[in-house]
Amino acid sequence: MSTNTNAIGIIFPNTYDEFVPQLTNDRLMASIPFAARYRLVDFVLSSMANSGIDNIAFLVNKNYHSLIDHLGAGREWDLVRKNGGLHIFPPFAMGSPKAYTGRVGIIAGILGYLRDQKTTEYVVMSDANIAYNIDFKKIIDTHIASGADITALYNEQKLPESAIASTDSSKGLYYTFKVEDGRIKGIKINDKDTGIKNFGMNVYVMKRELLIDLIDTAFVRGAERFERDVLIPELNKLNIQGYKYDGYVARICDMKSYFEESMKLLDDHNLDGLFAGSTIYTKVRDDNPTRYISGSDVKNTMVADGCVIEGEVENCILFRGVKIAKGAKVKNCIIMQDTVVEAGAELEYIITDKNVTITEGKKLQGSDSFPVYVAKFKIV
């Protein structure tokens, strides 16, 4: 891994939990399983670690047991350090009487921590609902060279249908940028227009002292949202540069997008787009190699270790420890860790959470526009 990047990483793992309530009932967005053996947080965390950011803070709100279990001490990301390393700040830890509702409040709670990082000049902030493989050192160098106060990442894409159709802003705000000659001249909240947009990735780079000053001022005014309450009012005063990211982006906005972005990785072009750069690290689970029993039939499927497959599997994502019994047929499904599909069962367009059992002979079917979800530990 690269070392000595002069930046702190701040990750907000709960942002947009409300987009996928089924998957975040007892976990947070960052802990959602993705791509057979990873969690969403692995992508932003690995990107930071590979870029030499070795001082990373997680500002959590709720349901963070799964995140703590996954991260441990940060060994897989080389974050076990005497100085810096991995920090997890739970809600109420800094004396706040309530859990935060936006970035301003939670960052205000760790201003003491930020002020103590006197040898670190820059801060990189990110949510965890997007899987990407980014070189943050390159972005920091671009930020410095441009003379920007703040650099904001965006990618060009159509807005998700669920975002355009939603009338409930309580599920989270998203932002599109008007960019002129590299500078962000306008920020639109919950844009409903169709077509290709400069879709904000909620990743920001700035000097540590500037972040402290902005949050100090905004918190006193009762501000909550960083983009809405801090950036938009200061657009004419601050030099906010846009950084167009052209790499692979898997953005999770609802269950449909989770299913679609997962299935896209069955295409080698998309898989290489996400994984061909720096290594993506995850929690190690020492398991046996997957066994394909005589008579099994597996086509176009991403399979993690520890699986035992005796039946038929096609166009699927199988996480660690999945068992597909003889005579079972599984097609166009996401089957999470330690799920058992018993003999004769037939599944199509199904998402099973961890430790699910589909009993013998059962038939479950969803559709590509409405995959059926089976909750953790359920027996069907």
Side-chain angles (χ1 to χ4, degrees), residues 1-5 7-15 23-24 26-60 63-90 120 124-137 203 247-248 250 252 261-262 265 271-290 302-307 317-322 336-338 353-355:
M1 293 185 184
S2 178
T3 57
N4 299 324
T5 296
I8 302 167
I10 299 179
I11 298 174
F12 303 87
N14 283 102
T15 309
L23 294 174
T24 57
D26 57 1
R27 62 166 70 93
L28 32 61
M29 174 65 80
S31 296
I32 291 176
F34 189 72
R37 62 192 298 265
Y38 301 91
R39 306 292 183 108
L40 281 175
V41 70
D42 292 332
F43 297 89
V44 57
L45 183 57
S46 296
S47 293
M48 287 185 176
N50 288 328
S51 302
I53 301 173
D54 57 13
N55 188 358
I56 300 174
F58 283 83
L59 310 187
V60 300
N63 291 342
Y64 49 88
H65 177 268
S66 62
L67 180 69
I68 293 174
D69 177 69
H70 181 71
L71 296 178
R75 185 174 303 279
E76 283 81 2
W77 299 269
D78 193 28
L79 292 173
V80 180
R81 307 285 179 117
K82 287 184 178 180
N83 298 307
L86 185 68
H87 308 270
I88 299 177
F89 292 92
T120 305
V124 177
M125 301 194 300
S126 176
D127 292 331
N129 67 310
I130 304 177
Y132 52 63
N133 195 341
I134 289 178
D135 182 357
F136 281 115
K137 190 175 188 307
V203 178
Y248 191 85
I252 308 305
E261 294 297 344
S262 296
L265 297 180
L271 189 67
D272 289 343
L274 186 57
F275 287 97
S278 298
T279 302
I280 302 298
Y281 301 94
T282 191
K283 179 182 178 180
V284 174
R285 168 172 156 165
D286 295 322
D287 214 332
N288 297 317
T290 288
M302 181 185 293
V303 184
D305 52 325
C307 297
I317 310 288
L318 303 187
F319 285 76
R320 294 161 167 168
V322 168
M336 293 189 194
Q337 184 172 303
D338 296 322
D353 213 313
K354 296 168 61 176
N355 298 100

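The first residue in the sequence is number 1, and the count goes up from there.
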Where [X] and [Y] come nearest, the two heavy atoms and their spacing:
X: M29; Y: T24; value: N-CG2, 3.8 Å
X: A35; Y: L265; value: CB-CD1, 3.6 Å
X: P13; Y: L59; value: CD-O, 3.3 Å
X: A30; Y: L67; value: CB-CD1, 4.3 Å
X: L86; Y: A73; value: CD2-C, 4.0 Å
X: L28; Y: S66; value: N-OG, 4.3 Å

Criterion side chain to side chain donor-acceptor pair (under 3.5 Å) against R27, the qualifying member of D69, D353, N63
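The option that passes is D353.
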
Just wondering, do [Y] and [X] contact through their side chains at under 4.5 Å, heavy atoms?
X: I32; Y: R39; answer: no
X: D305; Y: N288; answer: no
X: I53; Y: I8; answer: no
X: L45; Y: I56; answer: yes
X: Y64; Y: N14; answer: no
X: F319; Y: V303; answer: no
X: L274; Y: F34; answer: yes

Return yes if a side-chain donor-acceptor contact under 3.5 Å exists between [X] and [Y], otherwise no.
X: D42; Y: T282; result: yes
X: H87; Y: N55; result: yes
X: S126; Y: Y132; result: yes

In Å and rounded to the nearest 0.5 Å, what is the [atom1] to [atom2] distance from [X] to [Y]?
X: I88; Y: L71; atom1: CD1; atom2: CG; value: 5.0 Å
X: R320; Y: K283; atom1: CZ; atom2: NZ; value: 9.0 Å
X: T15; Y: N129; atom1: OG1; atom2: CG; value: 7.5 Å
X: S47; Y: K137; atom1: OG; atom2: NZ; value: 15.0 Å
X: M48; Y: F136; atom1: CE; atom2: CZ; value: 5.0 Å
X: D26; Y: K354; atom1: CG; atom2: NZ; value: 9.0 Å

Please determine whether a side-chain nitrogen of the Lys or Arg among D287 and R37 lies less than 4.0 Å from a carboxylate oxygen of the Asp or Glu.
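R37 and D287: not salt-bridged.
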
Is D78 paired with R81 through a side-chain N to carboxylate O contact shorter than 4.0 Å?
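Result for this pair is yes, salt bridge flagged.
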
If you apply the rule side chain to side chain contact (heavy atoms under 4.5 Å, CB included), what do you find for V60 with F89, and how did you get there?
CA-CA 6 Å; V60 300; F89 292 92; over 6 Å; no

Counting heavy atoms not belonging to R285, are there more than 12 under 6.0 Å from its CZ?
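Counting other residues, nucleotides and ligands, CZ of R285 exceeds 12 neighbours.
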
Determine the interplanar angle of the F275 and Y38 rings, folded into 0 to 90°, and report it as parallel if under 30°, tilted if 30 to 60°, perpendicular if over 60°.
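Tilted, since the angle between the ring planes falls between 30° and 60°.
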
So I10 and V124, side chain to side chain contact (heavy atoms under 4.5 Å, CB included) or not? Walk me through it.
CA-CA 6 Å; I10 299 179; V124 177; over 6 Å; no

Any side-chain to backbone donor/acceptor pair from T290 onto A304? Under 3.5 Å, distance only.
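A pair under 3.5 Å: yes.
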
So, N50 side chain and T279 main chain: donor-acceptor pair closer than 3.5 Å or not?
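Answer holds: yes.
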
Report the C-alpha distance between I134 and V203 in whole Å, list the side-chain angles of each, state the deciding distance to 0.1 Å, and finish with yes or no for side chain to side chain contact (heavy atoms under 4.5 Å, CB included).
CA-CA 11 Å; I134 289 178; V203 178; 5.6 Å; no

Dump the intermediate steps for side chain to side chain contact (heavy atoms under 4.5 Å, CB included) on I252 and I130, then the final yes or no.
CA-CA 6 Å; I252 308 305; I130 304 177; over 6 Å; no

